[in-house]
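Notes follow the structure.
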Amino acid sequence: MPKNKKRNTPHRGGSGGGGTGAAAATAVAAGSQHRNVQPFSDEDASIETMSHCSGYSDPSSFAEDGPEVLDEEGTQEDLEYKLKGLIDLTLDKSAKTRQAALEGIKNAMSSKMLYEFILERRMTLTDSIERCLKKGKSDEQCAAAALACVLCIQLGPGIESEEILKTLGPILKKIICDGTTSIQARQTCATCFGVCCFIATDDITELYSTLECLENIFTKSYLKEKDPNGICSTPTTVLHISSLLAWTLLLTICPINEVKKKLEMHLHKLPSLLSCDDVNMRIAAGISLALLFELARGMDNDFFYEDMESLTQMLRALATDGNKHRAKVDKRKQRSVFRDILRAVEERDFPTETVKFGPERMYIDCWVKKHTYDIFKEVLGSGMQYHLQSNEFLRNVFELGPPVMLDAATLKTMKISRFERHLYNSAAFKARTKARSKCRDKRADVGEFF
């Protein structure tokens with residue numbers, strides 16, 4: 001699926017909004033009455049900043065309130081005021097406060113379009129993310145990388161996102177390749193690097209460089225492919241999984257010649273990952289294989305794969321896996337995914353999925369679209385539906401057209417209160433429990449009969 005590289009409408013605010021770097025953020029926090037505070041210094045910056053953001057002393061509460069508070073209780077002015085306070089808190093002396101502030105900003109951006117607000121403060125936000133990636137520990141680096149993802153999603157393809165990637169790209173690459181950094185931080189940075197590059201890069205050499213960086217990570221799982229016992233998972237397996245999925249995402253926007261080159265390099269090696277003892281690695285390898293076959297057949301309808309019989313046997317075994325030494329949840333998840341993967345590889349078929357958001361529907365009818373949707377849903381979480389409705393970039397990616405404008409009355413009728421949602425979920429739970437009980441009773445009767 002070609003990615004629409006159309007720029008967003010001309011940005012308002014220019015390059016002068018928000019000042020530059022940490023100095024701008026510190027100036028906002030300190031105001032005319034407060035002294036300048038050096039971030040990460042030993043001075044008591046937190047007291048100054050907290051007092052400026054009166055009534056907002058706990059940034060983690062923003063994450064707990066979620067989007068419902070934004071929609072029902074908070075006005076746009078209240079939200080922007082809280083976000084300004086959170087941006088200031090990214091300079092706080094306390095690592096936990098900085099992390100909570102990063103997560104709060106990310107949650108707000110995931111659940112609401114804040115383009116104008118972000119555009120004016122993108123340089124300040126980028127400087128804060130850069131500082132936290134460089135000087136923070138594992139959890140703070142994860143929060144900073146996740147925020148960088150959502151920041152690029154909000155801004156969409158354009159000069160602003162390119163500048164963010166140009167600033168943060170080398171740092172993300174360094175963290176991904178640094179064996180002394182925590183696996184969680186490297187894993188999050190791998191996903192972030194892939195998503196930001198997918199959105200922002202217009203430089204083909206930068207795209208190829210990112211692909212190579214991610215390749216160098218997940219191909220380390222190939223080293224044990226000759227082991228008769230299969231590939232054993234290691235602490236770095238989660239990093240390899242994230243790198244593989246991000247690499248597969250970027251492959252969907254590569255030129256045909258590059259896709260052909262990658263097919264020749266990896267199509268005969270990826271099946272070895274299907275023998276890994278980690279269910280998530282098996283699934284990631286299967287998804288990548290299905291997507292690669294789809295791309296190959298899109299370029300050449302008569303595409304032929306030499307080891308098709310061996311591959312389909314492996315896929316069929318995973319689609320009907322009943323090994324007792326594997327957890328039931330893992331087997332259930334694996335069988336469900338590999339049934340679809342087997343159909344894609346063997347029969348060139350894809351089970352169409354429907355995603356509903358507001359009054360609209362999106363049909364996922366190919367592996368490229370499904371993988372792209374899954375990656376962005378992982379980043380945005382529950383805010384994915386909102387962004388599908390309102391985010392021009394995502395609507396371009398999924399070919400949904402311009403956002404549908406709805407009046408306030410229509411939006412109000414579409415909303416479900418928290419209490420109504422609780423009643424609905426309770427009723428659904430009772431119905432499921434009743435159905436299960438009836439099913440168990442029938443099985444008991446059959447057992448007694450025999």
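With contacts defined as side-chain heavy-atom distances shorter than 4.5 Å, the pair Lys84/Phe117 qualifies. By the 4.5 Å heavy-atom criterion applied to side chains, Leu114 and Gln76 are counted as neighbours. Counting only heavy atoms from C-beta outward, the side chains of Asp307 and Pro271 never approach each other to under 4.5 Å. Two residues are said to be in side-chain contact when any heavy atoms from C-beta on lie closer than 4.5 Å; Thr210 and Trp247 fail this criterion. Using a 4.5 Å heavy-atom threshold, the side chains of Tyr386 and Met113 count as touching. The closest side-chain heavy-atom distance from Leu270 to Leu244 is below 4.5 Å. Contact annotation: the side chain of Lys220 never approaches that of Thr236 to less than 4.5 Å [non-hydrogen atoms, C-beta and beyond]. Met109 is listed as a side-chain neighbour of Leu125, based on a closest heavy-atom distance under 4.5 Å.
Summarising the geometry, atom SG belonging to Cys197 is positioned 10.5 Å from atom CD belonging to Glu162; distances are rounded to the nearest 0.5 Å. Here the CD1 atom belonging to Ile283 is positioned 9.0 Å from the CD1 atom belonging to Ile241, to the nearest 0.5 angstrom. Summarising the geometry, atom OG belonging to Ser128 is positioned 11.0 Å from atom CG belonging to Leu86; distances are rounded to the nearest 0.5 Å. A distance of 12.0 Å separates CG in Leu91 from OG1 in Thr97, rounded to the nearest 0.5 Å. Rounded to the nearest 0.5 angstrom, Gln99 CD and Leu147 CG are separated by 12.5 Å. Of the inter-residue distances, the one linking Ile164 atom CD1 with Met123 atom CE reads 10.5 Å to the nearest 0.5 angstrom.
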**OP:** Would you check, one step at a time, whether the test side chain to side chain contact (heavy atoms under 4.5 Å, CB included) holds for Lys370 with Phe350?
**Re:** CA-CA 10 Å; Lys370 175 175 173 54; Phe350 182 88; 3.8 Å; yes
Original post:
Can Glu360 and Val404 be said to form a side chain to side chain contact (heavy atoms under 4.5 Å, CB included), step by step?
Top reply: CA-CA 9 Å; Glu360 300 178 83; Val404 177; 3.4 Å; yes
Original post:
Given Leu165 and Phe193, is the side chain to side chain contact (heavy atoms under 4.5 Å, CB included) satisfied, shown in steps?
Top reply: CA-CA 8 Å; Leu165 181 61; Phe193 197 24; 4.1 Å; yes
**OP:** Could you give me the CA-CA distance, side-chain angles and deciding distance for Thr90 and Arg131, then say whether side chain to side chain contact (heavy atoms under 4.5 Å, CB included) is met?
**Re:** CA-CA 9 Å; Thr90 60; Arg131 188 180 299 104; 5.8 Å; no
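Contact detail for Ser272 and Tyr222: the closest heavy-atom pair is OG-CD2, 3.9 Å. Residues Lys173 and Cys213 share a closest heavy-atom pair of CG-SG, 3.7 Å. Taking all atoms of both residues into account, the shortest heavy-atom contact from Tyr373 to Leu388 is CE1-CD1, 4.0 Å. Glu294 approaches Val368 most closely through the heavy-atom pair OE2-N, 3.0 Å. What you find for Ala344 and Arg297 is that their closest heavy atoms are O-NH1, 2.9 Å. Considering every non-hydrogen atom in both Trp367 and Ile341, the closest pair reads CH2-CG1, 3.8 Å.
Under the 3.5 Å distance criterion, the side-chain polar atoms of Asn280 are left unmatched by any main-chain donor or acceptor of Val238. Ser161 contributes no side-chain N or O that, together with a main-chain N or O of Gly158, makes up a donor-acceptor pair within less than 3.5 Å. Listed for the Ser182 side chain is a donor-acceptor partner under 3.5 Å among the backbone atoms of Ala185. Side chain of Gln154 to backbone of Lys112: a donor-acceptor contact under 3.5 angstrom is found. At least one donor-acceptor pair under 3.5 Å links the side chain of Thr188 to the backbone N or O of Gln184. No donor-acceptor distance shorter than 3.5 angstrom exists from the side chain of Arg343 to the backbone of Asp340, with no hydrogens or angles considered. With hydrogens and angles disregarded, a donor-acceptor distance shorter than 3.5 Å links the side chain of Arg98 to the backbone of Lys93. Counting only distance, with no hydrogens or angles, the side chain of Tyr208 and the backbone of Glu258 share no donor-acceptor pair below 3.5 Å. In this structure a side-chain-to-backbone donor-acceptor pair under 3.5 Å is present from His371 to Leu245. No donor-acceptor pair closer than 3.5 Å links the side chain of Ser336 to the backbone N or O of Lys333.
With respect to Asp321, the side-chain hydrogen bond (donor to acceptor under 3.5 Å, both in side chains) criterion is satisfied by exactly one of Gln334, Arg282, Arg332, Arg316: Gln334. The only member of Val355, Thr372, Thr354 that meets side-chain contact (heavy atoms from CB on, under 4.5 Å) when paired with Ile364 is Val355. Residue Cys132 is tested with Lys137, Gln141, Glu140 for a side-chain contact (heavy atoms from CB on, under 4.5 Å); the sole match is Glu140.
For NZ of Lys260, the number of neighbouring non-hydrogen atoms (other residues, nucleotides, ligands) closer than 6.0 Å is 12 at most.
Between Glu206 and Lys166 no salt bridge is recorded (no basic side-chain N to carboxylate O distance below 4.0 Å). Taking a cutoff of 4.0 Å between a charged side-chain nitrogen and a carboxylate oxygen, Asp78 and Lys82 do not qualify as a salt bridge. By the 4.0 Å N-to-carboxylate-O rule, Glu392 lies too far from Arg395 to be salt-bridged with it.
Side chain to side chain, Asp178 and Thr180 meet the donor-acceptor criterion of an N or O pair below 3.5 Å. Checking Gln385 against Gln389 by side-chain atom types alone, no donor-acceptor pair falls below 3.5 Å. Using a 3.5 Å distance cut-off with no hydrogens or angles, the side chains of His266 and Glu215 do pair a donor with an acceptor.
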Side-chain donor-acceptor distances from residues 285-292 under 3.5 Å, at least two apart:
from	atom 1	to	atom 2	distance (Å)
Ser288	OG	Thr248	OG1	2.9
Ser288	OG	Ala284	O	3.0

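Ring planes of Phe303 and Tyr305: parallel class, angle under 30° (limits at 30 and 60°).
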